[in-house]
Amino acid sequence: MRMATWNVNSVGARIDRVVEWLESAQPDVVALQELKCTDEAFPHVPIQAAGYEAVTHGTGRWNGVAILTRVGATDVVRGLVGQPEFDGAAEPRAIGATCNGVRVWSLYCPNGREPGHDHYNYKLDWFKALNTTIAGDLAQYPELPLAYIGDYNIAPTDADVWDIEKFVDSTHVTAAERAALTDIQELGLTEVMPRSLKGEPYTFWDYRNGSFHRGWGMRIDLVYANQAFTSLVSDAYVDRDARKGKGASDHAPVVVDLDLP
DNA sequence: ATGCCCTATGATATAGGA
């Protein structure tokens, strides 16, 4: 079974590229982030025409997450346990479902904007709620392969940004953010590391300054999974070709192949 | 080569992204 995570930066603006990618990569389950559309506005027609059903959680504007699947989705959950609000709203940044016996969550973790900002504290609180949600999942589904995939907006190590010197006093690399990743690992999850292509580990390149062409990227789209999941992994890679050309998202998909029994 | 920011919105500027 092929799974993937992809921050598409607006599913409406990206729908043609998304359908093309589904047809070429042939994934069975895809976690999407940053839909930037409401559940009502989600482009179900072209997604279904490509052979997928979608479970979505979006309220328009920014954020929004979905799971596309051609192997079914059950036990769908929207939002985190004890999820904090920002600016008076519980934002749609998490959706979970069980697909072909694998439980998967699509996560769009808050950006944080700058250390000390309200949004940064919100980001750290959001990760606490994610930790609570994962702990609940582990108790509820002790036998299932579990994967928490998406845009974490944290670079796990200094090697996961193109130049750590450019990130002094920046979000995505602070000790507190990385401690949130350590907390996830302490629940018993490990990271599935994608193969490095073109010598770059990155999954995101800013649209500005020709960043993609200069290799100015960040690895922030991550896969954390339990042992039942990681023991099934046969391959994982970043599809950086999907970042090329006109009309690309600023993130590339991360693909994980599983050998299901 | 892949080429120098993009997207959504009470839109003709602004906020957010990371």
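Here is how names work: the chains are called A, B, and so on, in the same order as the sequence lines, proteins then strands, and each is numbered from 1.
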Donor-acceptor pair between [X] and [Y] side chains, under 3.5 angstrom:
X       : Y       : answer
K123(A) : N111(A) : no
Q83(A)  : R78(A)  : no
T133(A) : Y148(A) : no

Checking E191(A) against R219(A) for the salt bridge (charged side-chain N to carboxylate O under 4.0 Å, His left out) test, could you report, in this order, the C-alpha distance in whole Å, the side-chain angles of both residues, the deciding distance, and whether it holds? CA-CA 12 Å; E191(A) 206 195 329; R219(A) 193 174 73 86; 2.6 Å; yes
Interface polar pairs with nucleotides 8-12 of chain B, N/O, under 3.5 angstrom:
{"unit_1": "dA8(B)", "atom_1": "OP1", "unit_2": "S10(A)", "atom_2": "OG", "d": "2.4"}
{"unit_1": "dT9(B)", "atom_1": "O4'", "unit_2": "R61(A)", "atom_2": "NH1", "d": "3.1"}

Only pairs at least two apart or in different chains count here, so list each side-chain hydrogen bond (donor to acceptor under 3.5 Å, both in side chains) that has a residue in residues 50-60 of chain A. D39(A)-T56(A)
Nucleotide [N], atom [atom2] - distance to [atom1] of [X] in whole Å:
X       : N       : atom1 : atom2 : value
F212(A) : dC6(B)  : CZ    : C1'   : 16 Å
Y122(A) : dG16(B) : OH    : P     : 13 Å
E91(A)  : dG16(B) : CD    : C1'   : 11 Å
D87(A)  : dG16(B) : CG    : C1'   : 13 Å
E177(A) : dA18(B) : CD    : C1'   : 10 Å

Check this for me: does any side-chain nitrogen of one of D158(A) and R178(A) sit under 4.0 Å from a carboxylate oxygen of the other? yes
[atom1] atoms of [N] and [M], separation to the nearest Å:
N       : M       : atom1 : answer
dA18(B) : dT7(B)  : P     : 14 Å
dG17(B) : dC4(B)  : P     : 24 Å
dA11(B) : dC6(B)  : P     : 22 Å
dG10(B) : dG16(B) : P     : 15 Å

Is the ring pair Y202(A)/W205(A) parallel, tilted or perpendicular, if the boundaries are 30 and 60 degrees? perpendicular
Should the pair H251(A) and F204(A) be assigned to parallel (<30°), tilted (30 to 60°) or perpendicular (>60°) ring geometry? tilted
Within residues 158-174 of chain A, which residues have any heavy atom lying less than 4.0 Å from an atom of DNA chain B? H172(A)
Decide if the gap between the ring center of H119(A) and the ring center of F86(A) is smaller than 6.0 angstrom. yes
Give a yes/no answer on whether the side chain of [X] brings an N or O atom under 4.0 Å of OP1 or OP2 in [N].
X       : N       : value
R14(A)  : dC6(B)  : no
Y108(A) : dA18(B) : yes
H119(A) : dG16(B) : no

Most 5' of N209(A) and F204(A) on DNA chain B, judged by nearest nucleotide: N209(A)
Between the side-chain atoms of D206(A) and the base atoms of dA18(B), is any donor-acceptor pair under 3.5 Å? no
Among dA18(B), dT2(B), dG16(B), the nucleotide that comes nearest once only the side chain of E34(A) is considered: dA18(B)
